[in-house]
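Below is one structure; the comments refer to it alone.
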Amino acid sequence: MRSMIFLALFFTSLCSLAEEIKPFTSDGCSAFPDGTFAQKDLWLSCCTLHDYAYWQGGTYEQRLIADKALQHCVESVGEPAIATLMLAGVRVGGSPYIPTKFRWGYGWSYPRFYQALTESEKIQIKPFKEEIDNFFKRF
């Protein structure tokens, strides 16, 4: 009985600790080229902004919006076939359930999975929020 109470208190205290997001990093288009042979960084900015969204994480719906925005961004640089291929790649490879360095919510400790950001978490990502929001409004 005492063990059960200890475990309950231990896990409750872990959940109540506010986590800090790690500094933003981007590896470009992860396991995909950043552009064509002729234009090596053609869609790199699309991937970097997509990484901002993945870094912060959030709900399933927010991830879907981020992935569709990536697709539209790559289409807008004249590469619709590449855009479709990239969308398929991020939908499979960006899952928050796989502990990769490019998963949904990679700025937080694993496991994070899908969850809305709390008010204190939103404060942490605020310096990046305007840029992310402007990116998504374009598509």
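From a predicted model like this one, the values you see are computed outputs, not experimental measurements.
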Hey, is the main chain of Leu87 close enough, under 3.5 Å, to the side chain of Gln71 for a donor-acceptor pair?
-> no
How are the rings of Tyr110 and Phe113 set relative to one another: parallel (under 30°), tilted (30 to 60°) or perpendicular (over 60°)?
-> perpendicular
Separation of Arg103 CZ from Thr100 OG1 (nearest 0.5 Å) = 6.5 Å
Between Tyr106 and Asp51, what is the shortest heavy-atom contact and its length?
-> OH-O, 3.4 Å
Atom of Trp108, atom of Gln56 and distance for their closest heavy-atom approach | NE1-O, 2.8 Å
Residue pair Gln124 / Glu20: nearest heavy atoms and the distance that separates them | OE1-CA, 3.1 Å
For the residue pair Leu117 and Ile125, what are the closest heavy atoms and their distance?
-> CD1-CD1, 3.9 Å
Could you state the interatomic distance from NZ (Lys68) to NE2 (His72), rounded to the nearest 0.5 Å?
-> 6.0 Å
What is the distance from atom CG of Leu85 to atom CD of Glu79, rounded to the nearest 0.5 Å?
-> 11.0 Å
What do the steps show when you test Thr25 against Lys101 for side chain to side chain contact (heavy atoms under 4.5 Å, CB included), and what is the final call?
-> CA-CA 10 Å; Thr25 59; Lys101 64 180 182 170; over 6 Å; no
Common cluster, Leu70/Val77, ILVMFWY with side-chain heavy-atom separation under 4.5 Å = yes
Any donor-acceptor N/O pair, Asp34 side chain to Cys29 backbone, under 3.5 Å | yes
Got a donor-acceptor contact below 3.5 angstrom from the Trp43 side chain to the Pro33 backbone?
-> yes
Within the distance-only criterion (no hydrogens, no angle test), does the side chain of Trp55 pair as donor or acceptor with the backbone N or O of Lys22 below 3.5 angstrom?
-> yes
Closest non-hydrogen atom pair between Met86 and Cys47, with its separation | CE-SG, 3.4 Å
For the hydrophobic clusters of this structure (ILVMFWY residues joined by side-chain heavy atoms under 4.5 Å, transitively), does one cluster hold both Leu42 and Leu44?
-> no
Evaluate the side-chain proximity of Phe102 to His50: yes if any heavy-atom separation is below 4.5 Å, no if none is.
-> no
Least distance between heavy atoms, Tyr54 atom then Val90 atom | OH-O, 3.5 Å
In sequence, state the C-alpha distance, the side-chain angles, and the governing distance for Gln39 and Thr36, and then conclude on side chain to side chain contact (heavy atoms under 4.5 Å, CB included).
-> CA-CA 5 Å; Gln39 295 175 281; Thr36 65; 3.6 Å; yes
Please assess Phe24 against Tyr52 for the test ring pair (Phe, Tyr, Trp, His ring centres under 6.0 Å), listing each intermediate value before the final yes or no.
-> CA-CA 7 Å; Phe24 174 74; Tyr52 276 133; 4.1 Å; yes
Could you verify whether a donor N or O on one side chain and an acceptor N or O on the other, from Ser30 and Asp27, lie under 3.5 Å apart?
-> yes
Please list all pairs passing the side chain to side chain donor-acceptor pair (under 3.5 Å) test where one or both residues lie in residues 80-98, with sequence neighbours left out.
-> Tyr60-Arg91, Asp67-Arg91
